Amino acid sequence: MSTAILNETAQHEVHGEAHHEHHHQETFLTKYIFSQDHKMIAKQFLVTGIIWAFIGGLFSVVFRLQLADPNATYPFLEDFLGHWAKGGKLQPEFYYALVTMHGTILVFFVLTAGLSGTFANFLIPLQIGARDMASPLLNMLSYWFFFLASIIMLSSLFVQTGPASGGWTIYPPLSALGEASQGSKIGMDLWLVSMAMFIVSSLLGGLNYITTILNMRTKGMSMTRMPLTIWALFFTAVLGVLSFPVLLSGAILLLFDRNLGTSFYLSDIVVAGKIMPNEGGSAILFQHLFWFLGHPEVYIILLPAMGMSSEILSVNSRKPIFGYMAMVGSLFAITILAFLVWAHHMFVTGLNPFLGSVFVLLTLLIAVPSAIKVFNWLTTLWRGNIRFTPAMMFAIGFVSLFISGGLTGIFLGNSALDIHLHDTYFVIAHFHIVMGVASFFGLFAGVYHWYPKMFGRYLNNTLSYIHFWITIVGAYLIFWPMHYEGLAGMPRRYYDFSNWESFKNFGGLNQFISIIAMLVFAAQILFIINFFYSIWKGRKVTTLNPWNANTLEWTTPIRPGHGNWPGDIPEVHRWPYDYAKDGKDFIPQDVPVGDDESKH
């Protein structure tokens, strides 16, 4: 037994030395470009995600200009967009392309790759006590497949006929027929190829995350001692590995329909008076395949934000997380139920009413684990010794948005109400608050909290608080009024509402929403400036554990090298939430349990 321990210790030391030696031999290419260090790969995902977030946000500002005043012209738009904005007025087909690309970029490239890719890569080895991912090579390939997908998607913005324009859900027959619109031509093929590359990236990453968490935890790190962040990232990876291949198959079959004359999704189609030869397909099949990924995708985006917010709320409340096992159980329940509710997106497709009622029940059931999480977050905050750091502000903002956005999902989960609300601004409001903005708040909370560990410097606090307040107030001012537009029946994705007497009344409200959207976008530019400026000029971190947290990443050096710990990996003796215990403010996981302590 003792020989085995000595051998293991020797291996750890050799491993540490090997990493240290390797670190010194690295070139610029192997350190910053083709890096196999999980921390550098996390930064690559984060920076690429920030670039995409800027592009996707900019698109929303451009199409909000159109919605603010459909008859106005903006000469500068023609300078930037050429024939897509003739005479300074956005062309209808390009408006739809912008809406499509905005959704695609933010859902997949920012909130999936940017959120999971960054924090799963960065935190999993550091928090479970591993030198790196199970396969650093596959980890590097995961980023480069994402980068390739990004280049292909970006190139679709510059083709003559424009990028894909079938909505971010890319429903056939519009997306399956090149003749249907300008945005159904080469831009659509590039969209599908890009998404195939993106899915390969997600699968490589997800398999790596699962393997690392199951097999590479340090001594003493049982599953029930893992931080909630790791549980959330684990379930996220499971969701992705099981659901993304379904979208991949859907996209490949759509490519076949477009280019090889098959009819998986097409039947009885007439285009410009010409009867198409396709027979036997069903456009509804694509919806099933898309939403079988699309609903788990909501939680692929939300779960990492939930896990990180749980960690940040506990650290900054100086209290143990309330109901740890209930939190893990609710994450598991959400993971299971996420696969069983996809058809609530399809209540208006002629779905059998009895089948619809089953999906209504399952949809409302998912509110139970969500409510458990909300209750436990609020109870963690209750009577806590709260430190209002920027990360804590965003974590509390996440809880607020998750509650208010989630409640409107109960409306949409009712199949009778959904007939009226489907494809209206009510769906936009719900979807953006509960998933879009809430997940962004989880992302921002994570960046603010772990930035000192990523870069060895702090972000500017004043800019951080300005960023928070403008973003949360702006998010509610943008999306809350949209619920009322949706209840009035105002359809989404329309280019010009001024032709309808019933929707003209919302002209002033649309202008107001557009102005706030531009202010919120400006606040995100402030964050980007703060982020990049602080990498080089921010206040230096001088203590190993600036937040007095318990998890293992704060036991590494301020700027950990490749391999994370220069000596042995710490052994874990307790759970990660020993705050305000036995007269101590916090007790890190690697501190042995005293004889008079209760064990965890």
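Owing to the predicted nature of the structure, the values given are computational and were not obtained by experimental measurement.
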Validation: residues 348-363 side-chain donor-acceptor distances under 3.5 Å, sequence neighbours left out:
from : atom 1 : to   : atom 2 : distance (Å)
T349 : OG1    : M346 : O      : 2.7
N352 : OD1    : F354 : N      : 2.7
N352 : OD1    : L355 : N      : 3.4
S357 : OG     : F354 : O      : 2.5
T363 : OG1    : H344 : ND1    : 2.8
T363 : OG1    : F359 : O      : 2.5

For F441, run the ring-ring contact (aromatic ring centres under 6.0 Å, His included) check against F398, F394, Y476 and tell me which one passes.
F394
List in chain and number order the residues that pass ring pair (Phe, Tyr, Trp, His ring centres under 6.0 Å) with F347, two or more places apart in sequence or in another chain; answer none if no residue qualifies.
none
With under 30° as parallel and over 60° as perpendicular, where do the rings of F339 and F292 fit, or are they tilted in between?
tilted
Taking all atoms of both residues into account, what is the closest heavy-atom pair of Q91 and K89, and its distance?
NE2-O, 3.1 Å
Do any N or O atoms from the side chain of S243 and from the backbone of P296 form a donor-acceptor pair under 3.5 angstrom?
no
Indicate every side-chain donor-acceptor pair of residues 187-199 with a distance under 3.5 Å to a residue at least two apart or in another chain.
from : atom 1 : to   : atom 2 : distance (Å)
D189 : OD1    : R258 : NE     : 2.8
D189 : OD1    : N259 : ND2    : 3.2
D189 : OD2    : R258 : NH2    : 3.3
W191 : NE1    : T104 : OG1    : 3.0
S194 : OG     : A149 : O      : 2.7

Rounded distance [0.5 Å steps], CD1 in I478 versus CE in M518:
10.0 Å
For residues L203 and G240, report the shortest heavy-atom separation together with the two atoms involved.
CD2-O, 3.9 Å
Using atom types as modelled, flag every donor-acceptor pair under 3.5 Å from a side chain in residues 67-88 to any protein atom, sequence neighbours excluded.
from : atom 1 : to  : atom 2 : distance (Å)
D69  : OD1    : N71 : N      : 3.3
E78  : OE1    : G87 : N      : 3.2

Parallel, tilted or perpendicular: which fits the ring planes of F527 and F531, with parallel below 30° and perpendicular above 60°?
tilted
Looking at every heavy atom in both L509 and P481, which two are closest together, and how far apart are they?
CD1-CB, 3.8 Å
Mind telling me whether F147 and W144 have parallel, tilted or perpendicular rings, with 30° and 60° as the class edges?
perpendicular
For the residue pair F479 and H432, categorise the inter-ring angle as parallel (less than 30°), tilted (30 to 60°) or perpendicular (more than 60°).
parallel
Can you tell me how far apart NZ (K185) and CG (L177) are? Round to the nearest 0.5 Å.
10.5 Å
Of the options E297, H288, H295, which is the one that meets W342 in a side-chain hydrogen bond (donor to acceptor under 3.5 Å, both in side chains)?
H288
Under a plain distance cut-off of 3.5 Å, with no hydrogens placed, do S181 and E93 share a side-chain donor-acceptor pair?
no
Can you list everything that forms a ring pair (Phe, Tyr, Trp, His ring centres under 6.0 Å) with F290? Sequence neighbours excluded, please.
W168
Taken to the nearest 0.5 Å, the spacing of F59 CZ from F54 CZ works out to 10.5 Å
Please report, to 0.1 Å, the donor-acceptor pairs under 3.5 Å made by any side chain of residues 263-275, with sequence neighbours excluded.
from : atom 1 : to   : atom 2 : distance (Å)
S263 : OG     : N278 : ND2    : 3.1
Y265 : OH     : G250 : O      : 2.9
S267 : OG     : G280 : N      : 3.1

Between P369 and L337, what is the shortest heavy-atom contact and its length?
CG-CD1, 4.3 Å
